[in-house]
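Contents: one structure, followed by commentary.
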Protein chains: 2
Amino acid sequence: MSNTSRAVYDTLAGIGRALGNGHRLELLERLAQTEAPVETLAQATGLSLANASQHLQHLRRAGLVTARREGRQMYYRLTDERIVTLMGLMREIAESNLAEMERLVGQLFGGSDADEALEPMSREALAQALAQREVTLLDVRTREEYGAGHLPGAINIPMDQLEQMLDRLPRDQEIVAYCRGPYCVLSHEAVRLLQRQGFRVRRYEEGYPEWKAAGLPTD
Amino acid sequence: MSNTSRAVYDTLAGIGRALGNGHRLELLERLAQTEAPVETLAQATGLSLANASQHLQHLRRAGLVTARREGRQMYYRLTDERIVTLMGLMREIAESNLAEMERLVGQLFGGSDADEALEPMSREALAQALAQREVTLLDVRTREEYGAGHLPGAINIPMDQLEQMLDRLPRDQEIVAYCRGPYCVLSHEAVRLLQRQGFRVRRYEEGYPEWKAAGLPTD
DNA sequence: TCAATAGTCAAATGTTCAATTGAGTATTTG
DNA sequence: CAAATACTCAATTGAACATTTGACTATTGA
């Protein structure tokens with residue numbers, strides 16, 4: 001092994017280290033929705049401001065995010081769409097090879113009843129159903145996240161308002177709910193709520209960032 | 001953020017940490033060629049036996065490799081083909097976003113002269129050229145690596161014997177050389193040597209593990 | 001059964017990392 | 001220009017990592 005190739009692996013390992021912390025993964029997932037200033041990110045992840053700032057700079061040194069000043073705020077954003085794909089692959093590998101992961105995901109989503117009965121929808125199936133206008137898409141993220149980009153034609157009803165706005169949803173067509181990504185629980189909650197109310201509803205198994213990273217159209 | 005979802009991110013981060021060390025990345029790359037016992041891996045990477053063993057166990061805890069005893073040797077192997085894809089993605093992201101990476105890769109391969117003149121061949125282009133029998137494939141890895149799997153129809157001439165065995169290569173067809181992966185220098189050296197000798201020769205830009213991980217046929 | 005081989009484990013060392021605290025900086029607003 | 005906002009930076013503390021060394025364990029072969 002030459003000295004240079006050692007240096008190549010070390011540089012590459014820098015990316016690994018950046019991905020080697022749960023808080024940083026959360027920050028990346030949040031950034032996959034849309035760029036955001038430090039304070040917003042700190043709140044979203046429950047980190048102190050200084051700590052969030054330092055994690056973000058760690059990510060910046062690894063080349064995964066960039067920062068841009070706007071007034072007195074620093075907006076951070078992912079440098080590369082492929083980072084979403086990268087995290088998705090890590091997830092797939094973890095889910096198929098770590099028993100621990102299976103247990104946790106079960107615990108996160110298993111919560112209750114029949115919502116397992118209906119298979120979640122894959123990206124491909126959803127793309128096809130959308131093309132044929134067979135389903136109504138429901139985005140249960142916040143208004144801001146929706147505003148920054150969403151699947152084509154999706155209706156936005158943030159999860160905490162869903163119960164009050166059931167009249168905006170069709171009863172004669174299947175509804176597909178989605179949120180931030182595979183570990184976001186909002187769409188699970190939405191499905192449970194809507195099923196109780198008698199709607200025909202399923203989940204899209206990923207989320208907005210994965211859809212976008214796959215190169216599919218967004219609004 | 002729920003407690004469980006925090007635990008999910010931490011578990012995922014375990015994979016990141018495992019990828020967060022240059023020596024471990026080297027071990028993974030070596031394992032992408034074929035399974036191997038600890039001592040072989042230690043030699044290939046220049047690590048002490050104990051140190052290699054500990055890195056391997058780190059990888060095992062992260063679910064990236066598994067071990068199997070055979071006599072007095074422990075054979076380690078990748079648990080999942082997708083790990084090759086994961087490392088490939090890290091590489092792509094690093095190359096497009098880190099100036100440092102560009103510099104190092106240039107230094108690793110730029111070495112000399114005209115070998116840049118000919119574009120390396122992409123996986124797709126190579127697959128097509130093979131299907132049409134337009135090229136002769138040359139595998140310059142060791143006999144063992146070749147024996148554990150290689151691209152369909154490839155001739156094996158380890159790099160250190162290439163100069164003595166030029167008569168086994170055709171002068172009337174383009175040759176495509178490949179080795180262990182994108183950072184392996186053997187195929188670069190092969191191309192340089194063969195070009196000096198008047199052969200028509202190019203590189204396949206990745207290597208055996210990437211070809212295999214992409215689901216393409218191997219021998 | 002004894003020696004040799006191939007690896008793992010435990011302890012010890014120096015290094016890097018994560019989080020907190022408090023001070024410092026850039027930008028806007030009154 | 002002064003105060004407020006939104007960060008960033010430096011210093012500190014305890015935890016986790018990487019490496020070496022030497023002891024320990026499992027398997028084989030004489």
Side-chain angles (χ1 to χ4, degrees), chain A residues 1 6-7 9-28 30-31 34-77 144, chain B residues 1 6-7 9-28 30-31 34-77 144:
Chain A
M1 275 298 135
R6 176 98 354 121
Y9 284 108
D10 285 346
T11 306
L12 223 40
I15 292 190
R17 271 197 302 279
L19 299 171
N21 177 284
H23 294 308
R24 282 197 292 272
L25 291 179
E26 270 187 70
L27 286 167
L28 288 172
R30 180 61 187 67
L31 286 169
T34 171
E35 62 171 0
V38 181
E39 182 146 39
T40 306
L41 296 167
Q43 274 164 13
T45 53
L47 295 169
S48 75
L49 189 72
N51 198 192
S53 169
Q54 277 163 193
H55 279 304
L56 287 166
Q57 284 170 65
H58 196 140
L59 291 170
R60 187 158 62 168
R61 280 193 300 275
L64 301 184
V65 307
T66 50
R68 152 179 82 77
R69 174 150 231 142
E70 192 174 312
R72 63 185 80 170
Q73 295 180 310
M74 286 298 263
Y75 277 84
Y76 280 83
R77 75 157 88 195
E144 293 74 35
Chain B
M1 273 299 135
R6 175 97 356 121
Y9 283 108
D10 285 346
T11 306
L12 223 41
I15 293 190
R17 270 197 304 280
L19 299 171
N21 176 284
H23 293 309
R24 282 196 292 272
L25 292 178
E26 268 186 71
L27 287 167
L28 289 173
R30 179 63 186 65
L31 287 169
T34 171
E35 62 170 0
V38 182
E39 183 147 36
T40 306
L41 295 167
Q43 274 164 14
T45 52
L47 294 170
S48 76
L49 189 72
N51 198 191
S53 171
Q54 277 162 191
H55 278 304
L56 287 165
Q57 285 171 64
H58 196 139
L59 289 171
R60 187 159 61 169
R61 281 192 300 275
L64 301 184
V65 306
T66 50
R68 151 178 82 80
R69 173 150 231 144
E70 191 173 311
R72 62 185 82 171
Q73 295 181 310
M74 287 297 261
Y75 278 83
Y76 280 84
R77 75 157 87 195
E144 292 74 38

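Chain naming here is simple, since letters A, B, ... match the order of the sequence lines and numbering starts at 1 in each.
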side-chain N/O A/Asn21 vs C/dC17 OP1/OP2, d < 4.0 Å: no
Write down the distance between NE2 (B/His23) and C1' (C/dT15), rounded to a whole number of angstrom. 14 Å
Which angle, rounded to 10°, do you find between the first-five-pair axis and the last-five-pair axis of the helix from C/dT1-D/dA30 to C/dG30-D/dC1? 20°
Please report the interatomic distance CD(A/Gln54) to CZ(A/Arg60), rounded to the nearest 0.5 Å. 12.0 Å
Whole-Å gap separating P (D/dT8) and CG (A/Leu59): 13 Å
What closest approach, in Å, do B/Thr45 and B/Leu41 show between heavy atoms, and which atom pair accounts for it? OG1-O, 2.8 Å
Which residue pairs pass the salt bridge (charged side-chain N to carboxylate O under 4.0 Å, His left out) test with at least one member in residues 12-24 of chain B, sequence neighbours excluded? none
Is any side-chain nitrogen or oxygen of A/Tyr76 closer than 4.0 Å to OP1 or OP2 of D/dT8? yes
side-chain hydrogen bond (donor to acceptor under 3.5 Å, both in side chains) filter on A/Gln57, not counting sequence neighbours, yields A/Ser53
Looking at every non-hydrogen atom in both residues, tell me the closest pair between A/Glu39 and A/Leu49 and how far apart they are. CA-CD1, 3.8 Å
Indicate, with a heavy-atom threshold strictly under 4.0 Å, whether A/Tyr75 touches base, sugar-phosphate, or nothing. nothing
Closest heavy-atom contact between A/Ile15 and A/Ala62? CG1-O, 3.8 Å
side-chain contact (heavy atoms from CB on, under 4.5 Å) evaluation trace for B/Val65 with B/Leu28: CA-CA 8 Å; B/Val65 306; B/Leu28 289 173; 4.0 Å; yes
Using only side-chain N and O atoms of A/His55, determine if any of them is under 4.0 Å from OP1 or OP2 of C/dC17. no
Could you tell me whether a side-chain N or O of A/Thr40 sits under 3.5 Å from a main-chain N or O of A/Ala36, the two making a donor and an acceptor? no
Could you check how far CZ of A/Arg61 sits from C1' of C/dA18, rounded to whole Å? 12 Å
The single option from A/Gln73, A/Gln43, A/Met74 that satisfies side-chain contact (heavy atoms from CB on, under 4.5 Å) with A/Val38 is A/Met74
Between atom CG in B/Leu49 and atom P in D/dT25, what is the gap in whole Å? 18 Å
For the student: nearest non-hydrogen atoms of A/Tyr76 and A/Leu31, plus distance: O-CD2, 3.2 Å
Listed once per pair and sorted, the salt bridge (charged side-chain N to carboxylate O under 4.0 Å, His left out) pairs that draw on residues 61-74 of chain B, sequence neighbours left out: B/Glu35-B/Arg68, B/Arg68-B/Glu70
Please report, rounded to the nearest Å, how far the P atom of D/dA16 is from the CG atom of B/Asp10. 12 Å
What residues 64-73 of chain A contributes to the DNA chain D interface at heavy-atom separation below 4.0 Å is A/Arg72, A/Gln73
Tell me the interatomic distance from A/Met74, atom CE, to C/dT25, atom P, rounded to whole angstroms. 16 Å
Interface polar pairs with nucleotides 9-15 of chain D, N/O, under 3.5 angstrom:
{"from": "D/dC9", "atom 1": "OP2", "to": "A/Gln57", "atom 2": "OE1", "distance (Å)": "2.6"}
{"from": "D/dA10", "atom 1": "N6", "to": "A/Gln54", "atom 2": "OE1", "distance (Å)": "3.3"}

Tell me the interatomic distance from B/Arg24, atom CZ, to D/dC17, atom C1', rounded to whole angstroms. 8 Å
Which heavy-atom pair separates A/Gly22 from B/Ala13 by the least distance, and what is that distance? N-CB, 3.4 Å
Is A/Arg17 close enough to C/dT16 that one of its side-chain N or O atoms is under 4.0 Å from OP1 or OP2 there? no
Calculate the interatomic distance between B/Leu56 atom CG and D/dT19 atom P; express it in whole Å. 13 Å
Distance test, side-chain N/O of B/Asn51 to OP1/OP2 of D/dA18, below 4.0 Å: no
